[in-house]
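Inspection log for the structure reproduced underneath, given as structure tokens.
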Amino acid sequence: MKTLVVYDIPDDRIRTKVFETCKNYGLVHIQYSAFFGELNHNRRQELQQRLRRVLGDKEGNVLICPVCDKDISLVLEIAVPESDSFSRRVAGLQRGPLVF
């Protein structure tokens, strides 16, 4: 199932570790503090545990959201045409037609 990870972490060092951890799980960086990609239930749980260890007792918030294909088809996006938009980044992850 697709997974959206968003985070708000004020400490640059911790935020960089969260960024690298998400990349290591094969997620695609879609915005400054957001990643998206395919993770099954076990990998999501594993990512949650790893990010919990990375965050430790530091200030911050990480949200890991499973997203079904039906919900992805309902995504609305506002982007500047020249930007590397969410839909273009996600398009590489889709096996079938992508509707935004």
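None of these values were measured; they are calculated from a predicted model.
- The hydrophobic clustering, which links ILVMFWY residues whose side-chain heavy atoms are closer than 4.5 Å, places Leu47 and Ile14 together.
- Within the structure, side-chain hydrogen bond (donor to acceptor under 3.5 Å, both in side chains) pairs that include any residue of residues 11-25 comprise Asp12-Arg15, Tyr25-Glu46 (at least two apart or interchain).
- Residues Ile72 and Val28 share a hydrophobic cluster, clusters being chains of Ile/Leu/Val/Met/Phe/Trp/Tyr side chains in contact below 4.5 Å.
- Within the structure, every pair that satisfies the ring-ring contact (aromatic ring centres under 6.0 Å, His included) test and touches residues 4-23, not counting sequence neighbours, is listed here: Phe19-His29, Phe19-Phe35.
- In this structure Leu63 satisfies the side-chain contact (heavy atoms from CB on, under 4.5 Å) test together with Val6, Cys65, sequence neighbours excluded.
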**OP:** Starting from the C-alpha separation in whole Å, work towards a yes-or-no answer on side-chain contact (heavy atoms from CB on, under 4.5 Å) for Asn61 and Ile9.
**Re:** CA-CA 6 Å; Asn61 186 343; Ile9 299 170; over 6 Å; no

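- The line from CZ of Arg44 to CE of Met1 is 6.5 Å long, rounded to the nearest 0.5 Å.
- Contact between Gly60 and Pro10 at its shortest, heavy atoms only, is CA-CD, 4.4 Å.
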Got a list of side-chain donor-acceptor pairs under 3.5 Å for residues 49-59, not counting sequence neighbours?
none

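- Every residue two or more places apart in sequence or in another chain was checked for a side-chain hydrogen bond (donor to acceptor under 3.5 Å, both in side chains) with Ser33, and none qualifies.
- With hydrophobic clusters built from ILVMFWY side chains whose heavy atoms lie under 4.5 angstrom apart, Ile30 does not share a cluster with Val62.
- Remark: Asp71 pairs with Val67, Cys68, Leu74 by the side-chain contact (heavy atoms from CB on, under 4.5 Å) rule, at least two apart or across chains.
- Leu4 and Leu27 sit in two unconnected hydrophobic clusters of ILVMFWY residues. Membership requires side-chain heavy atoms under 4.5 Å apart, directly or through other members.
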